[in-house]
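To keep things clear, I will list the structure first and then write my remarks on it.
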Amino acid sequence: MPVVFVRSLFFMVVGAMLSTTSPTVHAEQPLVFISAFAAGDEGAIHAFQLDLQTGQLVPGQRTTDVEHPFFLALSPDQRFLYSIHARTFGGAEHEQVAAYAIAGRSGRLTLLNRQSALGTAACYLDVDATGRTVVVANYASGSVAALPVREDGSLGEAASFFAHAGSSVDRARQAGPHAHCMVIGPDNRFAYAADLGLDQILGYRLDAAAAKLSPGRQPFVRTPPGAGPRHLTFHPQTKRAYVINELSNSITLFDCDPESGMLVERQTISTLPEDFDGTSYCADLKITPDGRFLYGTNRGHDSIAAYRIGEDGRLTLIAIESSLGKGPQNLAFAPGGELLLCANMPGNNVAVFRIARDTGRLTSAGPPVSMPKPSCIRVLP
């Protein structure tokens, strides 16, 4: 066989192998953004590639000039990322909401603009299903706001603002309102604010086209006294909402009426072992994409409580597993729902767990990845 022909055949085969394998590997690796809740140069948004086979997080781009980026949110079309920005978190100055354009799959972010959150200790963001409204919850000032999104993904000034009022039974933590999340409902017509200071879930009607909020038909529903509701999420297939309560270390199930947006309490269940007598506070909860399992975090006990979701929506405890780090702050699923990521903020690491399909039990996918003060995780498929 002529040498020239052999050499040509070799390069053709190698070229074909490279052309078929490289794009596939890249496509299988989701892009993960994780915020570092810190001031100055330590404050940043870190980008990682996630290997779905090994569960390994591979560091990539790091976006700086964003201080105390406590919470992140993605636009529905995954072209834009929104972040809290605060030079002094919870200080006299109002926090800001920063808008970024996402540059392909590199993880590079380009700042578009920033707008005032109209409150202090801004701690939660959500984007409506059309991508035209960003809502924000302000913990210290006990308020919520809605900001319009422009065509280029940048933000306009807040079009709606509501200050909560009142208190509840825990004088140390509930002397006034503390809005801890603002979540847009699955039909994009309602928004719900979990207020830790009031023991209430406040309901709003949402006009996403105008970024306008108005009080709902049911202005609020109460959680158990002293519960301290923190985060809220909706079941992906049913009209049910689940609220994790920071102060009472519990999760409350609500039925949700799709027409009125009204909530009705059905169950409250503990997130801690019965024999635990230490100090712990819940933080985040997430439901698997298939709607079968729910996970909630315990900061202090430093664990993740896993539950099976019944046909009636009620929760049954599966197990309580170590979070592999101190202070589990935030959770996120990889595409497909087979991996769970956990940000251990004071523990300065991010742990990745495999989810058993049949039982929902968690097992470590490998050693946690070190990074400073991870507070929020967002995944692009």
Side-chain angles (χ1 to χ4, degrees), residues 29-38 43-52 55-64 66-85 97-112 114 117 122-129 131 133-137 147 149 153 155 181-184 231-234 236 283-289 295 297 328-345 349-353 368-369 371-381:
Q29 294 186 336
L31 183 61
V32 180
F33 291 104
I34 306 177
S35 57
F37 181 65
I45 300 172
H46 296 244
F48 296 84
Q49 294 286 342
L50 174 62
D51 188 318
L52 294 177
Q56 181 181 10
L57 285 165
V58 180
Q61 296 283 337
R62 179 175 178 268
T63 301
T64 56
V66 53
E67 297 189 69
H68 298 108
F70 187 76
F71 209 82
L72 307 174
L74 287 165
S75 64
D77 61 9
Q78 300 174 357
R79 295 171 56 211
F80 307 107
L81 179 76
Y82 300 95
S83 172
I84 302 299
H85 172 75
V97 182
Y100 294 90
I102 302 171
R105 304 294 298 183
S106 69
R108 184 170 60 86
L109 300 175
T110 301
L111 179 65
L112 299 176
R114 299 185 182 116
C123 59
Y124 202 98
L125 298 170
D126 200 7
V127 187
D128 89 284
T133 293
V134 172
V135 293
V136 57
L147 292 77
V149 178
L155 296 167
C181 81
M182 184 66 162
V183 176
I184 296 170
H231 282 184
L232 178 152
T233 192
F234 284 89
D284 194 26
L285 79 169
K286 292 291 190 298
I287 297 173
T288 52
Y295 301 90
T297 65
Q329 182 76 19
N330 193 248
L331 299 171
F333 294 109
E338 296 181 0
L339 294 175
L340 177 68
L341 286 69
C342 177
N344 295 304
M345 189 167 76
N349 73 35
V350 178
V352 181
F353 298 90
V369 174
M371 70 165 282
K373 301 179 179 177
S375 60
C376 189
I377 307 169
R378 289 292 176 262
V379 182
L380 269 71

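We use all heavy atoms of the structure for the numbers below, so side chains are in, but hydrogens, waters and symmetry mates are not. FYI, the numbering just counts along the sequence from 1.
Checking side-chain atoms of S83 against main-chain N and O of P69 turns up no donor-acceptor pair under 3.5 Å. Judged purely by atom type and a 3.5 angstrom limit, D51 has no side-chain atom pairing as donor or acceptor with the backbone of Q56. Without hydrogens or angle criteria, K373 side chain to A38 main chain gives no donor-acceptor distance under 3.5 Å. For the pair H85 (side chain) and E67 (backbone), a donor-acceptor distance under 3.5 Å is present. Although no hydrogens or angles enter the test, the distance criterion places a donor-acceptor pair under 3.5 Å between the side chain of R378 and the main chain of L72. Q49 contributes no side-chain N or O that, together with a main-chain N or O of G107, makes up a donor-acceptor pair within less than 3.5 Å.
No side-chain heavy atom of L125 sits less than 4.5 Å from a side-chain heavy atom of V127. Residues L155 and Y82 have side chains in contact (heavy-atom distance under 4.5 Å, counting atoms from C-beta outward). Using a 4.5 Å heavy-atom threshold, the side chains of I45 and Y100 count as touching.
Among residues two or more places apart in sequence or in another chain, the salt bridge (charged side-chain N to carboxylate O under 4.0 Å, His left out) test is passed with R79 by D77. Applying the side-chain contact (heavy atoms from CB on, under 4.5 Å) criterion to A36, with sequence neighbours excluded, gives H46, M371, P372.
Within 6.0 Å of the CZ atom in R108, the count of heavy atoms belonging to other residues, nucleotides or ligands does not exceed 12.
Across all their heavy atoms, G153 and A99 have their closest contact at O-CB, 3.6 Å. The minimum heavy-atom distance between C181 and A137, with the atom names listed, is C-CB, 3.7 Å. Closest non-hydrogen pair, V183 versus Y124, comes out as CG2-OH, 3.6 Å.
Among pairs with a residue in residues 329-338, those fulfilling side chain to side chain donor-acceptor pair (under 3.5 Å) read D284-N330, R299-Q329, E338-R357, at least two apart in sequence or across chains.
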